Amino acid sequence: MPEGPSLVILKELLDPLITGKKITGASGNAKIDMSLFEGKKVTAVRSWGKHLLIILPDCTIRIHFLLFGTYSIGEHIKRDAQLRLKLSFVSTTIYFYTCAIKVLEGDIDKIYDWEADVLNTNWSAAKARKKLKEMPGVMACDALLDQNIFAGVGNIIKNEVLFRIKLHPEARVKNIGPRKLGALIKEARNYSFDFLRWKKEFTLKKHWLVHTKKTCTRCNIPLIKKYCGKTRRRTFFCNKCQLKS
DNA sequence: CTAAATGTTAAGCC
DNA sequence: GGGCTTAACATTTA
């Protein structure tokens, strides 16, 4: 469930259900103090990158689904999974499984830079470019996965963005021309919205052009599958049409 | 059945 | 302290 768009979908589902509603019960095996939540009204539900934020008057519940996290609304479906947190409301109950949960204190706007979230209305391409300029030796594949720059971008989005803009995953930031760098930043956000739309339509996989593919859809030659960069994540790319600059 | 995968963090080692 | 590598976590699917 991990990449940013999936969190936006969850936020959109939860917001109308629980914002303004009082938490009547909280339980689960997450190592947090759940007594803080009982009786509190949800101020807002937001997402930042791959984080889901349930904002209460005095604290924020931060949920990160990592690789295998899931949730259910209304009923406890995954009985075999680790139930980290169950939040009860008069009207509904929500369940979070196999995720990392943390309670954040203080002003959420001081903790999160909304300009770094590729799916946020406050996203700043200029800021992303500035951060990239500060890391000339970093490979494009690693830069895209850097949550400080492109919060919400995951491995699938990374692969698809690089293919779309015809950039080799191992291209170093310093060797990428200004126009290409601009395209990288633009597509990180743009593809994320395509991902969001296709995910909602349950047609995401159908739209993959390189991720898990064997043959280049552009030039028909075999694609390379390699664990690239410092992140050593699975990368699919075309050695011919994805250039190193 | 085994391995790998949409991810991050902590621990251990120069 | 910093930077890098490895392990750990946990579930589903190929």
Side-chain angles (χ1 to χ4, degrees), chain A residues 1-11 13 28-32 47-53 61-72 76-86 95-104 111-113 116-119 134-139 141-164 169-170 172 187-214 223-237:
Chain A
M1 126 115 230
E3 305 201 22
S6 301
L7 273 291
V8 171
I9 291 170
L10 175 55
K11 176 199 69 180
L13 276 174
N29 68 6
K31 291 180 207 134
I32 52 171
S47 66
W48 179 89
K50 298 164 192 167
H51 299 191
L52 176 74
L53 305 169
I61 309 172
R62 188 202 77 177
I63 298 169
H64 196 302
F65 291 93
L66 296 126
L67 205 49
F68 311 122
T70 48
Y71 61 88
S72 65
H76 180 26
I77 293 172
K78 307 240 163 191
R79 295 212 172 261
D80 296 332
Q82 295 280 331
L83 177 56
R84 295 277 189 249
L85 179 65
K86 169 183 172 182
Y95 303 84
F96 297 102
Y97 310 95
T98 330
C99 47
I101 305 183
K102 200 177 164 184
V103 178
L104 307 175
I111 300 172
Y112 286 101
D113 176 7
D117 178 359
V118 295
L119 288 148
E134 288 164 8
M135 42 178 74
V138 171
M139 287 180 179
C141 59
D142 290 331
L144 276 168
L145 291 175
D146 188 330
Q147 300 299 295
N148 259 326
I149 312 176
F150 300 106
V153 170
N155 204 37
I156 297 171
I157 295 174
K158 173 197 83 178
N159 282 324
E160 294 294 323
V161 165
L162 290 169
F163 182 77
R164 268 195 181 180
E170 291 169 322
R172 308 265 174 194
E187 276 306 317
R189 175 170 167 86
N190 194 37
Y191 186 83
S192 294
F193 279 102
D194 284 340
F195 185 121
L196 174 61
R197 192 174 72 250
W198 293 327
K199 184 95 184 167
K200 283 179 177 173
E201 294 171 351
F202 304 102
T203 61
L204 179 64
K205 270 189 196 178
K206 197 180 84 183
H207 287 92
W208 288 346
L209 297 179
V210 270
H211 193 254
T212 72
K213 298 291 171 191
K214 299 253 185 280
L223 289 172
I224 311 281
K225 174 187 163 186
K226 185 178 173 185
Y227 292 80
C228 291
K230 292 196 176 177
T231 44
R232 283 197 228 158
R233 300 294 304 279
R234 195 166 59 143
T235 309
F236 298 87
F237 62 98

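Chain naming here is simple, since letters A, B, ... match the order of the sequence lines and numbering starts at 1 in each. Please read all numbers here as calculations on a predicted model, not as lab measurements.
Atom C1' of nucleotide dT13(C) and atom CG of Leu67(A) are separated by 12 Å, given to the nearest angstrom. Remark: C1' of dA10(B) and CG of Leu66(A) are 13 Å apart, rounded to the nearest angstrom. Residue Asn29(A) contributes atom CG, which lies 14 Å from atom P of dC9(C) at whole-angstrom precision. The interatomic distance linking Asp194(A) (CG) with dT6(B) (C1') rounds to 17 Å, in whole Å. Following rounding to the nearest Å, Lys102(A) (NZ) and dT8(B) (C1') show an atom-to-atom distance of 12 Å. Rounded to whole angstrom, the span from the CG atom of Leu144(A) across to the C1' atom of dG7(B) amounts to 16 Å. Across the protein-nucleic acid pair, His64(A) atom NE2 and dA8(C) atom P stand 21 Å apart, rounded to whole Å. In this structure, Phe65(A) atom CZ and dT12(C) atom P are separated by 14 Å, rounded to whole Å.
By the neighbour-count criterion of 12 heavy atoms within 6.0 Å, atom NZ of Lys11(A) is densely surrounded, having more than that number from other residues, nucleotides or ligands.
Put simply, Arg233(A) has a side-chain N or O that comes within less than 4.0 Å of OP1 or OP2 on dG7(B). Using a 4.0 Å cut-off, some side-chain N or O of His211(A) falls inside it from OP1 or OP2 of dT6(B). Taking 4.0 angstrom as the limit, Lys225(A) places a side-chain polar atom (N or O) nearer than this to OP1 or OP2 of dA5(B). The side chain of Lys50(A) places no N or O atom within less than 4.0 Å of a non-bridging phosphate oxygen (OP1 or OP2) of dT6(B). Proximity of Tyr227(A) to the phosphate of dA5(B): a side-chain N or O atom is located under 4.0 Å from OP1 or OP2. OP1 or OP2 of dT11(C) has not a single side-chain nitrogen or oxygen of Lys78(A) nearer than 4.0 Å.
Looking at His76(A), Lys78(A), Arg84(A) one by one, the single match for side-chain contact (heavy atoms from CB on, under 4.5 Å) with Tyr95(A) turns out to be His76(A). Among Val8(A), Ile156(A), Val153(A), Leu119(A), the one residue that satisfies the side-chain contact (heavy atoms from CB on, under 4.5 Å) test with Glu3(A) is Ile156(A).
For Arg84(A), counting side-chain heavy atoms from C-beta on, the closest listed nucleotide (dT6(C), dC9(C), dT6(B)) is dC9(C). Comparing atom distances between the Gln82(A) side chain and each of dT6(B), dT11(C), dT5(C) picks out dT11(C) as nearest. Closest to the side chain of Arg232(A), from the set dC4(C), dT6(C), dA5(B), is dT6(C). Residue Asn155(A) places its side chain closer to dT6(B) than to any other of dT6(B), dT8(B), dA5(B).
Going from the C1' atom of dT6(B) to that of dT5(C) covers 23 Å, rounded to whole Å.
In this structure, His207(A) and Trp198(A) have parallel ring planes: the angle between them is below the 30° cut-off, well short of the 60° mark.
Remark on DNA chain C: of its neighbouring residues Asp80(A) and Lys205(A), the 5'-side contact belongs to Asp80(A), judged by nearest-heavy-atom nucleotide. Mapping Lys230(A) and Thr98(A) onto DNA chain C by nearest heavy atom places Lys230(A) closer to the 5' end of the strand.
Across all strands shown, dG2(C) pairs with dC14(B); the Watson-Crick or G-U wobble distances both stay below 3.5 Å.
Judged by distance alone, the side chains of Thr235(A) and Lys158(A) do bring a donor and an acceptor atom under 3.5 Å apart.
For the pair Glu160(A) (side chain) and Trp208(A) (backbone), a donor-acceptor distance under 3.5 Å is absent.
Residue Lys158(A) is classed as having no contact, given no heavy-atom separation below 4.0 Å to the nucleic acid.
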